[in-house]
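Keep in mind that the numbers below use all heavy atoms, side chains included, and drop hydrogens, waters and symmetry copies. To find a chain, count down the sequence lines: A is the first, B the second, and so on, and within it residues start at 1.
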There are 2 protein chains.
Amino acid sequence: MKLSERKKRILHAVVANHIQTAEPVGSRTVARADGIGLSSATIRNEMADLEEMGYLAQPHTSAGRIPSQKGYRYYVDYLMGDGRLTVEDELSISRFLSDEKMREIEQIIANAVKVLSSVTNQTSLIMGPQFQKSTFQQMRILPLDEKRGLVVLITHSGFIKNKVIELDQNLSPAELHQVVSYLNQKLYGLTIDQVTTSLINELKRDLFRRLEILEQAFVLLEESLREERQARVFLGGTTNILTQPEFRSVKKIHQMLSLFERESLLFEILEQNLTEDDVVVRIGTENEHEDIQECTLITAAYKINRRILGSVGIIGPTRMDYQWIIAVLRRLVEQLNRTLSTD
Amino acid sequence: MKLSERKKRILHAVVANHIQTAEPVGSRTVARADGIGLSSATIRNEMADLEEMGYLAQPHTSAGRIPSQKGYRYYVDYLMGDGRLTVEDELSISRFLSDEKMREIEQIIANAVKVLSSVTNQTSLIMGPQFQKSTFQQMRILPLDEKRGLVVLITHSGFIKNKVIELDQNLSPAELHQVVSYLNQKLYGLTIDQVTTSLINELKRDLFRRLEILEQAFVLLEESLREERQARVFLGGTTNILTQPEFRSVKKIHQMLSLFERESLLFEILEQNLTEDDVVVRIGTENEHEDIQECTLITAAYKINRRILGSVGIIGPTRMDYQWIIAVLRRLVEQLNRTLSTD
DNA sequence: CCTTAGCACTCCTAAGCGCCGAGTGCTAAC
DNA sequence: GTTAGCACTCGGCGCTTAGGAGTGCTAAGG
């Protein structure tokens with residue numbers, strides 16, 4: 001069921017107009033639009049067709065049309081084309097990484113989410129890089145005082161995790177050093193995922209033969225790894241949804257904001273949409289999770305040295321400026337990849 | 001201008017009732033309250049007096065009374081007495097620190113803010129411990145690879161900061177070790193505040209005589225200290241204000257939520273209220289900052305080993321259950337002090 | 001003299017009603 | 001196939017009205 005050229009033009013006009021105004025679009029408005037050149041009556045007939053085909057919907061009998069979910073989908077897939085950024089947008093995005101090379105990965109991520117939300121005026125979210133997918137580089141234990149030490153764990157993609165542990169008092173610095181070197185040697189190059197309990201147990205057994213004292217350090221290593229199993233999700237511009245006319249009611253606002261507070265859920269949502277694809281657009285019920293089926297989620301994966309690390313996206317009402325937002329997101333991811341990559 | 005016993009009882013009844021219902025309180029309602037035993041007509045006369053004296057206000061002629069800011073103040077200062085916690089509240093609070101001794105200070109703080117907001121159903125905020133007020137314990141530099149190293153800075157109150165720096169390639173491990181030991185020796189016991197640029201310059205000059213290579217490391221030390229000048233503010237339960245009838249309008253919600261996004265402002269507000277006092281209650285215009293003059297802010301300082309580190313508080317509409325919330329806050333701070341203290 | 005019952009009055013709120021205008025679908029003419 | 005014309009629909013807005021909660025005042029009672 002292909003759409004005629006004319007229907008495409010009309011659908012395009014309706015969607016574009018509705019994105020701008022957030023109001024239902026009437027036949028007269030479409031007739032006045034550029035490149036149409038038809039009377040409102042003709043448009044009305046075409047719009048009635050488009051409604052029957054499921055691309056448009058009518059809030060009530062005597063109102064104009066708004067795009068249905070299917071309408072938005074068609075617009076995104078076939079009609080909108082590539083967006084262009086303004087010079088200011090370009091600037092805001094490129095400025096965010098000025099002098100970023102020095103920074104740690106989490107700061108870069110946190111910064112990116114801010115830029116994205118302030119440029120797009122939407123709520124943006126980034127799944128922090130997945131710690132457990134990155135590879136072990138080295139581990140150190142710094143003695144803090146007689147009883148405590150600081151474990152520092154560093155991965156190749158730039159993660160630095162630290163944790164205070166209690167040290168066995170019978171452990172001499174030399175012995176501690178020995179254990180740490182042993183561990184570094186054994187774990188180097190493994191992804192954090194691969195550092196499983198069974199591997200740890202094996203190492204532990206191995207070491208026990210020589211020194212029977214590091215029990216607690218191991219328990220803590222294990223714990224600290226488990227804790228990090230789930231990546232953090234960074235949010236930006238959560239209050240931006242308040243400016244969207246779609247969220248006029250306190251109830252809806254509450255619903256969305258509560259959603260934003262559930263980090264593990266956001267993580268799930270982002271992870272489901274993590275693919276190699278350029279940019280993923282999920283409109284309304286295309287989203288698996290119920291609570292966002294009135295929203296559109298646009299995501300893209302970002303990479304370090306061509307390995308996918310996490311995804312970044314924006315969430316907002318199904319009525320949004322897809323063309324422009326996709327362009328912004330694409331540009332940001334490009335920049336982000338370049339900033340994060342070390343080679 | 002002292003209030004008669006009877007007026008106090010009536011004021012108490014009005015405030016207590018309004019806190020519960022969020023509605024203006026009529027004379028009949030007060031007459032029915034426990035321990036009053038007067039007719040509504042008498043109450044009406046007394047309430048008219050209380051209004052004239054400024055303790056009560058009337059939204060409009062034919063409505064009941066609501067407490068004015070002055071009324072709340074009187075209630076807090078003289079009427080409410082000490083609150084009691086339910087067993088569940090006690091449990092929630094004491095559970096939050098289970099097994100916390102191990103954790104880093106920032107995690108404990110982040111946890112406390114969560115508990116506070118979920119127990120009180122208000123928005124809670126904690127000013128993270130002030131890094132620059134704590135004393136230098138030690139600094140280490142871990143080589144990461146040929147070009148980069150990780151600076152780890154540890155303070156006595158349990159802060160751990162790290163930062164990746166680029167290392168001068170001409171620097172041998174032995175030399176690096178020497179520099180670090182020197183710095184540790186010189187800086188030990190100083191508060192971070194005292195590590196000023198001039199001190200750093202002095203040290204730098206001192207070292208230059210021996211090795212002229214660590215320029216960049218110093219720049220970075222300075223930078224990383226400056227960055228941390230301002231403590232972080234942790235927020236919890238920001239969406240709780242949505243459940244308050246005072247924030248029915250999207251406009252007000254927006255106002256509050258935008259406020260919550262301005263971390264430096266929150267910091268200022270919390271810092272202004274940082275005193276030795278038990279608990280500080282700021283009602284409405286008692287707050288210096290305009291944007292929260294329709295709110296009440298209740299704060300208390302928390303300490304490590306009797307030294308004030310920061311403050312924790314809750315913010316909400318002026319109509320709130322002062323008695324109970326103050327009790328909860330007091331209890332939480334007690335717990336927090338105990339968890340953080342090392343002796 | 002303080003307290004209380006009674007009553008007129010105020011003013012907010014919600015519901016009902018009619019008007020207006022935007023927009024539609026249909027029909028008939030071009 | 002396109003378009004002008006027209007009757008029709010329906011939501012939104014402003015107006016009016018009824019109801020009710022609560023007040024302040026007055027006058028009677030302990």
Length of the line joining [X]:[atom1] and [N]:[atom2], which is rounded to integer Å:
| X | N | atom1 | atom2 | value |
| --- | --- | --- | --- | --- |
| B:Glu23 | D:dG20 | CD | C1' | 14 Å |
| A:Ile43 | D:dG1 | CD1 | P | 16 Å |
| A:Leu50 | C:dT24 | CG | C1' | 15 Å |
| A:Ile10 | C:dT24 | CD1 | P | 12 Å |
| B:Asn45 | D:dG22 | CG | C1' | 14 Å |
| A:Leu56 | C:dT24 | CG | P | 11 Å |
| A:Lys7 | D:dG1 | NZ | P | 11 Å |
| A:Arg6 | D:dT3 | CZ | P | 8 Å |

Of all the choices, [options], which nucleotide is nearest to the side chain of [X] once you look at every atom?
| X | options | answer |
| --- | --- | --- |
| B:Thr61 | C:dT10, D:dC10, D:dT23 | C:dT10 |
| B:Ser62 | C:dT10, D:dT2, D:dC10 | C:dT10 |
| A:Ala41 | D:dC10, D:dG24, D:dA4 | D:dA4 |
| A:Gln58 | D:dT23, C:dT24, C:dC11 | C:dT24 |
| B:Arg44 | C:dC26, C:dT4, C:dG6 | C:dG6 |
| A:Leu38 | D:dC10, C:dT10, D:dT3 | D:dT3 |
| B:Ser27 | D:dT23, C:dA5, D:dC6 | D:dT23 |

Salt bridge check: are [X] and [Y] linked by an N-O gap of less than 4.0 Å?
| X | Y | answer |
| --- | --- | --- |
| B:Asp82 | B:Arg330 | yes |
| A:Glu294 | A:Lys252 | yes |
| A:Arg73 | A:Glu286 | yes |

State whether A:Arg28 places a side-chain N or O below 4.0 Å from either non-bridging phosphate oxygen (OP1 or OP2) of C:dG21.
no
Looking at D:dT23, I'd like to know if its phosphate oxygens (OP1 or OP2) sit under 4.0 Å from a side-chain N or O belonging to B:Arg65.
yes
Please name the pair of heavy atoms, one in B:Met320 and one in B:Ile19, separated by the smallest distance, quoted to 0.1 Å.
O-CD1, 3.3 Å
Hey, which of these two, B:Glu46 or A:Ala63, hits DNA chain C nearer its 5' end, going by closest nucleotide?
B:Glu46
What does A:Thr42 touch in the nucleic acid at a heavy-atom separation under 4.0 angstrom: a base, only the sugar-phosphate, or nothing?
base
B:Tyr74 and B:Tyr55 aromatic ring geometry - parallel, tilted or perpendicular at 30°/60° bounds
perpendicular
